[in-house]
Amino acid sequence: QKQLAKLLIPTVYDKTPSSADSIEYKEVEYEDNFLDLAYNDRLVTDINMWQAYPHSHNIEYTEEFFEENALVHIYRTYYTGMVKGSVEGVYREGNTLYVKYNEAHPSGGAVTDDIGVFNVVLEIDKDLLEGVDNLVIDQNRYRDLDKH
């Protein structure tokens, strides 16, 4: 609605293929105040992949969880903590999983002293990901004009 009212202006456009099929997912609460040495987006399909990096203490996963589920981990850093990110949907086309991820950046150069570090974790039924070996974060950036 904000985009249509010209309050949010996209600077990068949607790349998700129109033929992609929607995938159900669950976004989980993830503490941001920790060090994660992955520094990248990744599809996590087993406990060893998950334990390869330090993680938030509020999330515990087991081998049993990964028998039926997988995770998508999205990692972002920004010049300010005022950037807001959100997942708008998860889609699949062939062997590629697309995550629509939107960012709203402050307008007018507003920044905070801290660097924004954001971790997003999505739980997905592993059966829905059979044959997927490519992850694309379909990222759209917006300049939020409400902050003028």
Side-chain angles (χ1 to χ4, degrees), residues 1-106 114-147:
Q1 291 174 339
K2 286 185 175 185
Q3 183 180 357
L4 291 174
K6 306 236 185 277
L7 295 175
L8 288 178
I9 300 174
T11 58
V12 176
Y13 298 96
D14 183 13
K15 298 180 216 64
T16 304
S18 59
S19 57
D21 295 321
S22 181
I23 295 282
E24 288 186 31
Y25 65 95
K26 175 185 172 191
E27 187 169 345
V28 293
E29 262 322 291
Y30 200 65
E31 292 177 1
D32 288 331
N33 58 350
F34 71 98
L35 179 65
D36 185 319
L37 300 178
Y39 296 133
N40 61 6
D41 304 319
R42 63 193 187 275
L43 180 60
V44 181
T45 57
D46 63 52
I47 193 73
N48 294 327
M49 293 173 74
W50 180 248
Q51 292 175 341
Y53 305 98
H55 292 82
S56 170
H57 298 291
N58 72 318
I59 295 183
E60 296 289 331
Y61 289 110
T62 63
E63 287 185 47
E64 290 77 25
F65 172 84
F66 285 106
E67 287 174 8
E68 296 183 6
N69 301 282
L71 301 172
V72 171
H73 178 235
I74 302 169
Y75 177 84
R76 292 288 181 272
T77 59
Y78 302 110
Y79 58 94
T80 176
M82 292 179 69
V83 175
K84 299 298 179 202
S86 63
V87 174
E88 300 298 320
V90 178
Y91 305 88
R92 177 184 179 163
E93 183 181 59
N95 68 340
T96 302
L97 186 70
Y98 294 88
V99 178
K100 286 187 73 162
Y101 186 77
N102 290 331
E103 300 172 353
H105 291 255
D114 60 336
I115 293 175
V117 177
F118 299 96
N119 291 276
V120 178
V121 175
L122 308 177
E123 296 178 354
I124 301 175
D125 184 327
K126 209 174 208 177
D127 289 341
L128 299 174
L129 301 178
E130 188 172 332
V132 168
D133 56 15
N134 190 28
L135 174 65
V136 173
I137 307 303
D138 182 13
Q139 190 165 316
N140 294 295
R141 294 183 176 95
Y142 295 90
R143 182 167 49 97
D144 189 346
L145 300 181
D146 280 341
K147 299 197 188 273

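Everything quoted here is computed from the prediction, not taken from an experiment.
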Got a second to check how far [X]'s [atom1] is from [Y]'s [atom2], nearest 0.5 Å?
{"X": "K126", "Y": "L71", "atom1": "NZ", "atom2": "CG", "answer": "9.5 Å"}
{"X": "K26", "Y": "L122", "atom1": "NZ", "atom2": "CG", "answer": "11.5 Å"}
{"X": "N102", "Y": "D138", "atom1": "CG", "atom2": "CG", "answer": "8.5 Å"}
{"X": "L129", "Y": "T45", "atom1": "CG", "atom2": "OG1", "answer": "9.0 Å"}
{"X": "L135", "Y": "Y98", "atom1": "CG", "atom2": "OH", "answer": "10.5 Å"}
{"X": "H73", "Y": "L43", "atom1": "NE2", "atom2": "CG", "answer": "12.5 Å"}

* Does the side chain of L128 come within less than 4.5 Å of V90's, by heavy atoms? -> no

* Structure fact -> In terms of heavy-atom contacts, A20 and Y91 come closest through CB-CB, 3.7 Å

* To do: Locate the shortest heavy-atom distance separating N69 from D125; write the atom from each residue and the value.
  => OD1-CA, 4.1 Å

* To do: Kindly determine whether V87 and Y25 satisfy side-chain contact (heavy atoms from CB on, under 4.5 Å), including the steps that lead there.
  => CA-CA 10 Å; V87 174; Y25 65 95; 3.7 Å; yes

* Derivation of the side-chain contact (heavy atoms from CB on, under 4.5 Å) call for I47 and F65 -> CA-CA 8 Å; I47 193 73; F65 172 84; over 6 Å; no

* Partner set under side chain to side chain donor-acceptor pair (under 3.5 Å) for E63, not counting sequence neighbours -> none

* To do: Return the set of residues passing side chain to side chain donor-acceptor pair (under 3.5 Å) with E27 (not counting sequence neighbours), or none when no residue passes.
  => none

* Asked: Quick check: does any side chain N or O of D41 sit under 3.5 Å from a backbone N or O of Y75, one acting as donor and the other as acceptor?
  -> yes

* Asked: Can N140 and E103 be said to form a side-chain contact (heavy atoms from CB on, under 4.5 Å), step by step?
  -> CA-CA 6 Å; N140 294 295; E103 300 172 353; over 6 Å; no

* Asked: So Y61 and V28, side-chain contact (heavy atoms from CB on, under 4.5 Å) or not? Walk me through it.
  -> CA-CA 12 Å; Y61 289 110; V28 293; 3.8 Å; yes

* To do: Say whether N134 and N95, considering side chains only, have a donor N or O and an acceptor N or O under 3.5 Å apart.
  => no

* Hey, are S86 and E88 close enough side-chain-wise for a donor-acceptor pair under 3.5 Å? -> yes

